[in-house]
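Beneath this line is the structure, given in structure tokens, with notes to follow.
Labels below follow one simple rule: chain letters A, B, ... track the order of the sequence lines, proteins then strands, and each chain is numbered from 1.
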Amino acid sequence: MSGRHLSLFQRFGFWISSSENKFKWSLLLPTLILLALITVYPTIYAFNLALSDYNLARSADSLQGYIGLQNFREILKDPSFWSSLKTTIFFTVVVVSIEFFLGLAIALILQGTVTGSKIVRTIILLPMIMAPIVVGLIWTYLYQSEFGLVTFILRKIHIMSYESAPLARVGTALPSLMFVDIWQWTPFLIMVLLAGLEALPTAPYEAARIDKASPFLVFRKITLPLLKPVILIVLVLRIMDAIRVFDIVYALTEGGPGEATDVLSMFIYRSAFYLWGIGKASAISFILLYIIMIVSVILVNLLSRTKETV
Amino acid sequence: MENNRKKVVIAIIIIGIILFVNILPFLWLILTSLKTRLDIFAIPPKFIFHSTWKNFISAFTKRNFLPMFYNSLIISACTTFLSLAVGTLGAYSLARFKLFGDKHISFWILSTRMFPPIVLVIPFFIMATRWGLHDSRLLLVIVYTTFNLPFVVWIMRSFFEDIPYDLEKAAMVDGYSRWDAFWKVVLPLSAPGLVTTAILCFIFSWNEFLFANVLTAAMAKTVPVGIRGLVTSRAVEWGEIAAVASLQVIPVLIFTFAVQKYIIRGLTLGAVKG
């Protein structure tokens, strides 16, 4: 080989293949290094910000620099933080449950009946692949108080009075926001659960048919346990997304009216980029990160446990 | 038989409802983009009207959306390429070899994917301002790689695991080096996976709003930021918003149509093979 002229790329190929250990680590290392640089380093940087008195709206000489856990202590005393945490949890629980049960019910009905064409599938995928900020703006327009289509229809069927609009009232703003998320993500749940259902083995169902088991019993004893891994995965993904929801809130309400739709991401955004309290905002973002970590560890543990039993 | 037919009818009705509910807001967006100012503010809302291209024209002449489309395109393409070039190798390594602590490595990579963007946007904002990177396309390429790279690793790993190891073994018996077995045998076989992954990375970046809104001001401004910028405290330019938003959705729709078979697999990080 040495006599032939080799390109740099070929040399790289030989060098990297010379031992298995070298091969597997040199393929993986670029990912690990790049990911550490662009996620771990900023996280450490953010933690430093969270521990310091850093506010871009105040003059530099009035700031105290490192203040330890002062920011965290202040946040835990802030009623706005607690109300925003409550809103986030409420939003996540309601939205994910409705999307899940609706998605499961529809998937069970659709199972084994129709195979959609390419166009039908694309339209079903439409809400989840559109830019969330655009989804938010479309619905802002539909909810608009004077000429919005949804507002118009709600008034025509006398569900809503002429004085109010869906996003203007404290009582209706959060449900309207939740409706947008449900509109956007229920099709996703349908598609995933349908895919999960269609991949189930047929043998247990044959046995149940011979035993003349009732449909409900079949669902509870066969479908649900077999589908559990898929259900858990899709719940993990949806819960994670719902906890950090931002774009549609920013487009529809910016957290208002009052604090009615102020989810944690929005609260952090306002603290950082409206009030310029960078230190405090970083501290809140770490609380959000902590919540997400706890939730994900619980869910992943559940997931690995079912994988072993199934 | 009777029972089965009933089920099909119910299924078709439900699909009809889903299609209607999904497409109505989208249709309304397109109708609005073709309306004059007067028709947009009409009560009751108008379904039949004289269409006009005015909103599209003014979006590009008055609002200067062309550079924003260019920024979005460049940024999305670069981060997609970077994430694929690096992540595919990592994914292959994780799919094929037992590594020291590989479960922890995979979990760590997944956890960066789950990172809330609001946590990263604050340090990136301060660092970018200090290092003079604020409002540059390079900055957004780097930032978007934080969610695209872990995505590529997870989904490509699942596609690589679908390819039987025996194929590479056979290639290596024939005298291929390990690298050649990967480069010339495995990679061409996983082409559908690569295309899907690339398209999804592109869509995520093309649609991204939070990072772009904070980290750009004028030079590197992307389309989603520009669209939201038409909402001001004085007026909301609904016609122009609708026009640009419909244009922004077109490439996403075409891409989705092309790889719709794998979209669900992509959005579940390779876990559910739809």
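More than 12 heavy atoms of other residues, nucleotides or ligands shown are found within 6.0 angstrom of CZ on A:Phe273. Remark: B:Tyr176 OH is loosely packed, at most 12 non-hydrogen atoms of other residues, nucleotides or ligands lying under 6.0 Å away. Other residues, nucleotides and ligands contribute more than 12 heavy atoms inside 6.0 Å of the CD1 atom of B:Ile30.
Here the closest heavy-atom approach between residue B:Gly90 and residue A:Thr31 is recorded as CA-OG1, 3.6 Å. Between A:Pro30 and B:Val86, the shortest heavy-atom contact is C-CG1, 3.7 Å. Taking all atoms of both residues into account, the shortest heavy-atom contact from A:Ala281 to B:Ile122 is CB-CD1, 3.7 Å. Here the closest non-hydrogen pair linking A:Leu108 and B:Lys7 is O-NZ, 4.1 Å. When all heavy atoms are compared, the tightest approach of B:Val272 to A:Gly196 is CG1-N, 4.4 Å. Across all non-hydrogen atoms, the minimal contact from B:Pro123 to A:Leu49 is CA-CD1, 4.2 Å.
In this structure, chain A has no heavy atom under 4.5 Å from any part of B:Phe204. Interface residue A:Val192: backbone and side-chain heavy atoms are both found under 4.5 Å from chain B. The part of A:Val236 that comes within reach of chain B is its side chain, from C-beta onward, which places non-hydrogen atoms under 4.5 angstrom from that chain. Residue contact with chain A, scored on non-hydrogen atoms closer than 4.5 Å, involves the backbone and the side chain of B:Thr268 alike. With a 4.5 Å cut-off on non-hydrogen atoms, A:Met128 touches chain B through its side chain but not through its backbone. Heavy atoms closer than 4.5 Å to chain B are found in the side chain of A:Leu56, but not in its backbone. Interface remark: A:Pro187 contributes side-chain atoms only to the contact with chain B (heavy atom separation under 4.5 Å). At a 4.5 Å heavy-atom cutoff, B:Ala95 makes no contact with chain A through either its backbone or its side chain. For A:Val150, no part lies under 4.5 angstrom from a heavy atom of chain B. Interface residue A:Phe152: only side-chain heavy atoms are found under 4.5 Å from chain B. Proximity to chain B (any heavy atom under 4.5 Å) is restricted, for A:Leu288, to the side chain, taken from C-beta onward. For A:Tyr250, the parts lying near chain B are the backbone and the side chain together; criterion is any non-hydrogen pair under 4.5 Å. Interface residue A:Ile292: only side-chain heavy atoms are found under 4.5 Å from chain B. Contact of A:Ile138 with chain B is made through the side chain alone, with heavy-atom distances under 4.5 Å. Of the two parts of B:Leu19, the backbone and the side chain both hold a non-hydrogen atom closer than 4.5 Å to a non-hydrogen atom of chain A. Only the backbone of B:Lys98 comes within less than 4.5 Å of a heavy atom in chain A; its side chain stays farther off. Looking at A:Phe246, the atoms closer than 4.5 Å to chain B (heavy atoms on both sides) all sit in the side chain, from C-beta outward. Using a 4.5 Å cut-off between heavy atoms, B:Arg96 does not touch chain A at all. Heavy atoms of B:Phe107 lying under 4.5 Å from chain A belong exclusively to its side chain. For a residue to count as touching a neighbouring chain, one of its non-hydrogen atoms must lie under 4.5 Å from one of that chain's; by this rule B:Ile142 touches chain A with backbone and side chain alike. Contact annotation for B:Leu210: both backbone and side-chain heavy atoms come within less than 4.5 Å of a heavy atom of chain A. Of the atoms belonging to A:Thr140, heavy atoms from both backbone and side chain fall under 4.5 Å from chain B. Only the side chain of B:Val153 comes within contact range of chain A, judged by heavy atoms closer than 4.5 Å. Of the two parts of B:Leu267, the backbone and the side chain both hold a non-hydrogen atom closer than 4.5 Å to a non-hydrogen atom of chain A.
Looking only at side-chain heavy atoms (C-beta outward), B:Ile14 and A:Ile106 come within less than 4.5 Å of each other. Annotation: side chain of A:Trp25 is not in contact with side chain of B:Phe97 (no heavy-atom distance under 4.5 Å). Counting heavy atoms from C-beta outward, B:Ile264 and A:Leu125 have side chains that approach closer than 4.5 Å. Residues B:Trp179 and A:Leu27 meet the side-chain proximity criterion, which asks for heavy atoms closer than 4.5 Å. Residues A:Tyr141 and B:Ile40 have side chains in contact (heavy-atom distance under 4.5 Å, counting atoms from C-beta outward). Between A:Ile243 and B:Pro116 there is no side-chain heavy-atom pair separated by less than 4.5 Å. By the 4.5 Å heavy-atom criterion applied to side chains, B:Trp108 and A:Leu32 are counted as neighbours. By the 4.5 Å heavy-atom criterion applied to side chains, B:Val231 and A:Leu137 are counted as neighbours.
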(message) The test is side chain to side chain contact (heavy atoms under 4.5 Å, CB included); show your working for B:Phe26 and A:Val135 and say whether it passes.
(response) CA-CA 9 Å; B:Phe26 182 70; A:Val135 170; over 6 Å; no
(request) Go through the steps to decide whether B:Val119 and A:Ile268 satisfy the test side chain to side chain contact (heavy atoms under 4.5 Å, CB included), and finish with yes or no. (result) CA-CA 9 Å; B:Val119 176; A:Ile268 297 167; 5.9 Å; no
(request) Kindly determine whether A:Tyr45 and B:Phe124 satisfy side chain to side chain contact (heavy atoms under 4.5 Å, CB included), including the steps that lead there. (result) CA-CA 9 Å; A:Tyr45 198 98; B:Phe124 269 120; over 6 Å; no
(request) Please report the C-alpha distance between A:Met130 and B:Asn207 in whole Å, then the side-chain angles of each, then the deciding distance to 0.1 Å, and finally whether the side chain to side chain contact (heavy atoms under 4.5 Å, CB included) criterion is met. (result) CA-CA 7 Å; A:Met130 274 168 75; B:Asn207 284 345; 5.7 Å; no
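In this structure, the separation between CD1 on A:Ile124 and CD1 on B:Ile15 is 5.5 Å, given to the nearest 0.5 Å. Interatomic distance, OG1 of B:Thr256 versus CD1 of A:Ile123, reported as 12.0 Å (0.5 Å rounding). Atoms CD1 and OG1, from A:Ile38 and B:Thr146 in turn, are 5.5 Å apart once rounded to the nearest 0.5 Å. For the atom pair CZ (A:Arg121) and NZ (B:Lys261), the distance works out to 9.5 Å, reported to the nearest 0.5 Å. A distance of 9.5 Å separates CG of B:Leu200 from CD1 of A:Ile129, quoted to the nearest 0.5 Å. Here the CG-CD distance, from A:Asp247 to B:Glu208, works out to 7.0 Å after rounding to the nearest 0.5 Å.
Without hydrogens or angle criteria, B:Ser93 side chain to A:Lys24 main chain gives a donor-acceptor distance under 3.5 Å. A distance-only check finds a donor-acceptor pair linking the side chain of A:Trp183 to the backbone of B:Val21 [under 3.5 Å]. The backbone N or O of B:Phe115 sits less than 3.5 Å from a side-chain atom of A:Arg244, completing a donor-acceptor pair.
Contacts with chain A were tallied for B:Val143, B:Val214, B:Ile109, B:Ile227; B:Val214 has the most, counting heavy-atom pairs under 4.5 Å. For chain A, the option among B:Ile126, B:Ile241, B:Ile105 with the highest count of heavy-atom pairs below 4.5 Å is B:Ile126.
Remark: aromatic rings of A:Phe23 and B:Phe182 are distant, center separation not under 6.0 Å.
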